[in-house]
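Throughout, residue positions are numbered sequentially from 1 according to the sequence presented. As the structure is a prediction and not an experimental result, all values here were calculated from the model. Every heavy atom of this structure was used, including side-chain atoms; hydrogens, water molecules and symmetry mates were not.
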Amino acid sequence: MNLTLKIWRQAGPRAKGEMVTYPVTDISPDMSFLEMLDVLNEQLNARGEEPIAFDSDCREGICGMCGLMISGKAHGPEVTTTCQLHMRSFHDGDVITVEPWRADAFPVIKDLVVDREAFDRIIQAGGFISANTGAAPEAHSVPVPKPQADRAFMAAACIGCGACVAACPNASGMLFLGAKVTHLGELPQGQPERDARVVAMVDQHDHEGFGGCTNIGECSRACPKEIPQDVINQLNLDLRHALSRGL
């Protein structure tokens, strides 16, 4: 496959960025998108040019590090992470634009790398649970109904990649926040601080500069872990309950 890549280059957080065009040739359709970028970087290194900075770690769709806007879609044309997107999803001769996540809360560090520490601070705002677990309990000493357990596992699948923010016209992080709130809110261990947790996390979300949710649904459609939009409903219910108690 021969492709034309238009890639965002930005030397640093305060530097002026621009789209730079790179032709790539002889790309195998079995390569992942990141492997294709590796090939391009090898060519740039061979020419003595600055390689393109992008994030990756596990390259198995687990860690959430790889996040790119590919031809206007978070993670590209498939519902998967960028590292699991293969070049067979494109066609010979395609022109592909590659950009970083665009959100005030995700400032660009360099090229395609953005700072997603805002997500970490939202989780930190939720704090810890105060339930005294003591010694290891028996396997089923705290019964959890299967619907709640399944829903908690579903919400816990969120890997914090930021695709929801990148896809949202408002750059809202509510799908991520809803997943984290729902994960703990469905379990007995998460009940003692449930109300205080949701208030603190929503306050931190807004403080970080994420936008508000207007229920467009692009976040859920872009999510590589297919987190449903109804976790935002759960977030709103928990927040309303907490505020009704004066928290």
Handout entry: Check: R197 side chain, G190 main-chain N or O, donor-acceptor pair, under 3.5 Å
Key = yes
Exercise for the section: Keeping the roles fixed (side chain from N170, backbone from G211), state whether a donor-acceptor pair exists under 3.5 Å. Expected result: no
Practice task
May I have all residue pairs that pass salt bridge (charged side-chain N to carboxylate O under 4.0 Å, His left out) and include part of residues 11-25, sequence neighbours excluded?
Solution key: none
Do [X] and [Y] have side-chain N/O donor and acceptor atoms under 3.5 Å apart?
X: S32; Y: H86; value: no
X: T182; Y: Q234; value: no
X: Q191; Y: R194; value: yes

Problem - CG (D206) with more than 12 external heavy atoms under 6.0 Å - result: yes
Practice task
Assess whether atom CZ of R240 is packed by more than 12 heavy atoms of other residues, nucleotides or ligands within 6.0 Å.
Solution key: no
Pairwise distance [atom1]([X]) to [atom2]([Y]) - rounded to 0.5 angstrom:
X: T80; Y: E226; atom1: OG1; atom2: CD; value: 9.5 Å
X: K73; Y: E78; atom1: NZ; atom2: CD; value: 9.0 Å
X: M69; Y: W8; atom1: CE; atom2: CH2; value: 13.5 Å
X: L3; Y: D92; atom1: CG; atom2: CG; value: 7.0 Å
X: I109; Y: Q10; atom1: CD1; atom2: CD; value: 10.5 Å
X: M31; Y: M36; atom1: CE; atom2: CE; value: 9.0 Å

Exercise for the section: Check step by step if side-chain contact (heavy atoms from CB on, under 4.5 Å) holds for L235 and L177. Expected result: CA-CA 8 Å; L235 166 66; L177 181 53; 4.0 Å; yes
With a 4.5 Å cut-off on side-chain heavy atoms, are [Y] and [X] touching?
X: V181; Y: V231; value: no
X: L5; Y: I96; value: yes
X: T81; Y: C161; value: no
X: T4; Y: D94; value: no
X: C158; Y: K180; value: yes
X: Q229; Y: N215; value: yes
X: L112; Y: D55; value: no
X: Q84; Y: C66; value: no

Exercise for the section: Test side-chain contact (heavy atoms from CB on, under 4.5 Å) on R88 and D30 and set out the steps. Expected result: CA-CA 6 Å; R88 54 180 168 266; D30 294 325; 3.3 Å; yes
Looking only at non-hydrogen atoms, find the nearest pair between [X] and [Y] and report the distance.
X: E99; Y: R102; answer: OE1-NH2, 3.4 Å
X: A242; Y: V199; answer: CB-CG2, 3.6 Å
X: T82; Y: L68; answer: OG1-N, 3.6 Å
X: L187; Y: A152; answer: CD2-CB, 3.8 Å
X: L85; Y: H75; answer: CD2-O, 3.4 Å
X: A179; Y: I227; answer: CB-CG2, 4.2 Å

Exercise for the section: Evaluate side-chain contact (heavy atoms from CB on, under 4.5 Å) for C219 paired with I232, printing each intermediate quantity in order. Expected result: CA-CA 11 Å; C219 55; I232 301 175; 4.2 Å; yes
Practice task
Begin with the C-alpha distance, continue with both residues' side-chain angles, and end with the deciding distance and a verdict on side-chain contact (heavy atoms from CB on, under 4.5 Å) for C83 and S56.
Solution key: CA-CA 8 Å; C83 64; S56 70; 5.9 Å; no
Fill in the blank from the handout: With sequence neighbours left out, the residues meeting ring pair (Phe, Tyr, Trp, His ring centres under 6.0 Å) with Y22 are none
Problem - Those residues that, when tested against F210, pass ring pair (Phe, Tyr, Trp, His ring centres under 6.0 Å) (two or more places apart) - result: F106, F119, H205
Practice task
Could you work out the complete set of other residues in the hydrophobic cluster of I62, with links drawn between I, L, V, M, F, W and Y side chains under 4.5 Å apart?
Solution key: none
Same cluster (ILVMFWY, side-chain, under 4.5 Å), [X] and [Y]:
X: L40; Y: F90; result: yes
X: I123; Y: V165; result: yes
X: M19; Y: V108; result: no
X: V20; Y: F54; result: yes
X: M87; Y: L34; result: yes

Completion exercise
Those residues at least two apart in sequence (or on a different chain) that pass side chain to side chain donor-acceptor pair (under 3.5 Å) with E50 are K110
Exercise for the section: Could you tell me which residues satisfy side chain to side chain donor-acceptor pair (under 3.5 Å) with D26, sequence neighbours excluded, listed by chain and number? Expected result: none
